[in-house]
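Reminder, nothing fancy here: chain letters follow the sequence lines and each chain counts from 1.
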Amino acid sequence: MSTDYNGYITADTIEGGDDGPLAERTVAVKDNISTEGVRTTCGSAMLKEYVPPYDATVVERLVEAGATIPGKTNMDEFGMGTTTETSAFGPVENPVAPGYVPGGSSGGSAAVVAAGDADMALGTDTGGSIRCPASFCGVVGIKPTYGLVSRYGLVAYANSLEQIGPIAPTVEEAARLLEVIAGPDDRDATTRDAREEGSDYDYAAAADGDVDGMEVGVPTQLLDGADERVVETFWAAMDDLEAQGASYHEVELPSLEHAVEAYYVIAMSEASSNLARFDGVRYGVSGGYDGNWNETFARAREEGFGDEVKRRVLLGTYALSAGYHDKYYKKAQDARAWIQSDFDDALSEADVLASPTMPVPPMELGESLDDPLTMYLADANTTPVNLANLPALSVPAGETEDGLPVGLQLVGPAFDEHAIVRAGSALEN
Amino acid sequence: MSDDTAVDPEEVQHVADLARVDLAETEVDRFAEQFADILASFEALDEVPEVEREEELANVMRPDEVRDGLSQEEALRNAPETEDGYFKGPRVS
């Protein structure tokens with residue numbers, strides 16, 4: 001099924017099993033998640049003809065649960081973007097706000113759910129790539145605790161930060177999809193069993209909207225500098241939670257002011273290493289030239305990669321290069337540890353933390369492409385969560401006066417997806 | 001902002017060589033300008049205190065047993081060029 005907002009890169013159907021919790025449901029899959037026999041491009045010209053010989057673990061679990069996969073969704077190239085405009089297959093338009101971006105990098109996944117062209121979808125979140133498009137398209141997205149969901153078969157961008165997670169119209173459906181994909185996998189050694197972390201996998205049951213007595217922390221750093229229309233919508237949603245019996249307090253997390261820089265240094269550094277595999281020999285676009293190997297590979301990569309990917313691979317190479325490692329990479333790791341400890345402190349006095357998911361409403365199409373730094377700064381509220389390995393959910397909080405969706409982000413303790421599901425479901429009442 | 005962390009086009013070219021990515025000349029100039037702004041924002045990391053890191057990491061081990069993997073044919077299916085069951089790289093002149 002093709003869409004007029006360019007949500008799918010490949011619209012081949014993968015049939016699900018006969019029964020299971022997702023029988024008769026469609027779940028679209030982001031195009032950086034491997035599907036055996038169905039091309040998986042990562043939104044890149046480099047992989048425009050790449051057909052994986054195996055399924056990602058999450059795809060196996062979807063099919064076993066009875067889900068039908070209607071197609072592979074459009075995305076920023078290799079997940080690198082906040083607007084889904086860096087795809088080699090063209091930008092995605094926001095189906096609920098025509099003329100605006102759907103957010104990124106899982107913009108196709110959020111768009112097909114918002115438009116009703118798929119019941120649910122899988123996205124991936126390295127620095128906000130599930131929560132941002134969920135927020136901009138007015139749907140629900142969950143970035144799971146690091147290690148909850150297997151990354152086997154996910155084409156790596158920044159492995160220490162990224163997780164696969166659900167996008168759905170409601171919190172309960174997102175929680176149900178998370179139940180299907182979560183759980184340890186011996187093919188991804190970074191997965192952990194939630195039951196061994198004092199938790200369980202019954203997420204959908206937590207969508208009971210019962211926030212009576214819940215304590216919510218609001219990190220002031222994530223409201224400073226946010227667009228006024230977003231801040232207004234956020235506080236209106238907080239009033240709603242309060243009316244249902246939750247209470248909130250403001251909390252200072254000074255480390256969060258450094259999250260965007262730390263995130264980009266770490267993500268770019270990991271990307272420069274992960275994307276070294278694309279040399280056009282085993283897969284991908286071949287330079288097709290003879291001569292010096294390094295020059296041949298450099299030409300294949302010039303042809304196969306788009307601007308944003310080149311920018312990040314180069315900046316990552318720079319941050320790791322002799323003389324700069326201590327200045328950038330080591331400092332970014334210090335910032336990461338500082339952010340983790342700030343979150344630990346804040347979550348010892350609150351059940352969940354709340355903020356706007358994005359500091360701004362959706363941008364107009366074409367507005368942010370020429371200014372990468374401004375685009376990076378839009379990730380201020382989402383990146384800290386990846387650096388801290390914590391779970392977070394984006395739920396619709398309302399709309400600005402001009403009808404643009406605003407999302408509210410809830411952050412919980414590690415392996416306590418239940419807390420964010422519970423608080424998020426209360427906002428749907 | 002870009003004045004104190006100016007990035008020279010030659011530096012961009014050097015990093016591009018290290019990363020094995022060819023760049024057109026116009027790209028080199030544009031990246032030099034953008035990198036100056038981006039690196040200037042990264043300067044704020046200087047304010048981050050040194051933090052004691054408690055890594056809660058444990059090695060995950062498994063027995064080294066033979067398991068099914070991809071067949072040679074499957075492994076080669078996406079290669080632009082193959083010969084006699086091998087990947088074929090560029091000819092070295």
Need one label for A:Tyr324: side chain, backbone, both or neither, based on atoms under 4.5 Å from any heavy atom in chain B. side chain
In terms of heavy-atom contacts, does CZ of B:Phe87 have more than 12 from other residues, nucleotides or ligands at under 6.0 Å? yes
Should we count CG of B:Asp29 as having more than 12 external heavy atoms under 6.0 Å?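 Count over threshold, so yes.
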With a 4.5 Å limit on heavy-atom distance, are the side chains of [X] and [Y] in contact?
X	Y	result
A:Lys327	B:Asp46	yes
B:Val51	A:Gln340	no
A:Tyr283	B:Arg77	no
A:Glu302	B:Glu27	yes
A:Tyr328	B:Glu43	yes

Quick one: which of [options] has the most heavy-atom pairs under 4.5 Å with chain B, could you say?
options	result
A:Asn294, A:Asp186, A:Asp371	A:Asn294
A:Lys330, A:Lys331, A:Arg282, A:Arg336	A:Arg282
A:Glu257, A:Arg311, A:Lys310, A:Glu49	A:Arg311

For chain A, which of [options] has the most heavy-atom pairs under 4.5 Å?
options	answer
B:Pro80, B:Ala24, B:Ala79	B:Pro80
B:Pro49, B:Ala75, B:Gly89	B:Pro49
B:Asp17, B:Asn59, B:Val60, B:Val21	B:Val21

Taking side chain as everything from C-beta outward and backbone as N, CA, C, O, which of these in [X] sits under 4.5 Å from a heavy atom of chain A? Side chain, backbone, both or neither.
X	result
B:Leu70	side chain
B:Phe31	side chain
B:Leu23	both
B:Gln34	side chain

State, to 0.1 Å, how close A:Glu261 and B:Ala44 come at their nearest heavy-atom pair, and which atoms those are.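 Shortest heavy-atom contact: OE1-CB, 3.3 Å.
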Of all heavy-atom pairs between A:Ser321 and B:Leu18, which one has the smallest distance, and what is that distance? CB-CD1, 4.5 Å
Hey, what do you get for [atom1] ([X]) to [atom2] ([Y]), rounding to the nearest 0.5 Å?
X	Y	atom1	atom2	value
B:Asp22	A:Glu303	CG	CD	9.0 Å
A:Leu47	B:Asn78	CG	CG	8.5 Å
B:Glu11	A:Leu314	CD	CG	11.5 Å
A:Glu295	B:Arg20	CD	CZ	10.0 Å

Taking A:Leu315 as the fixed residue, which of B:Val15, B:Val12, B:Ile38 is the one that meets the side chain to side chain contact (heavy atoms under 4.5 Å, CB included) rule? B:Ile38
Step by step, would you call A:Asp307 with B:Arg30 a side-chain contact (heavy atoms from CB on, under 4.5 Å)? CA-CA 10 Å; A:Asp307 269 10; B:Arg30 193 156 40 87; 3.0 Å; yes
Would a distance-only check, ignoring hydrogens and angles, find a side-chain to backbone donor-acceptor pair under 3.5 Å from A:Arg301 to B:Ala19?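 Looks like yes, one N/O pair under 3.5 Å.
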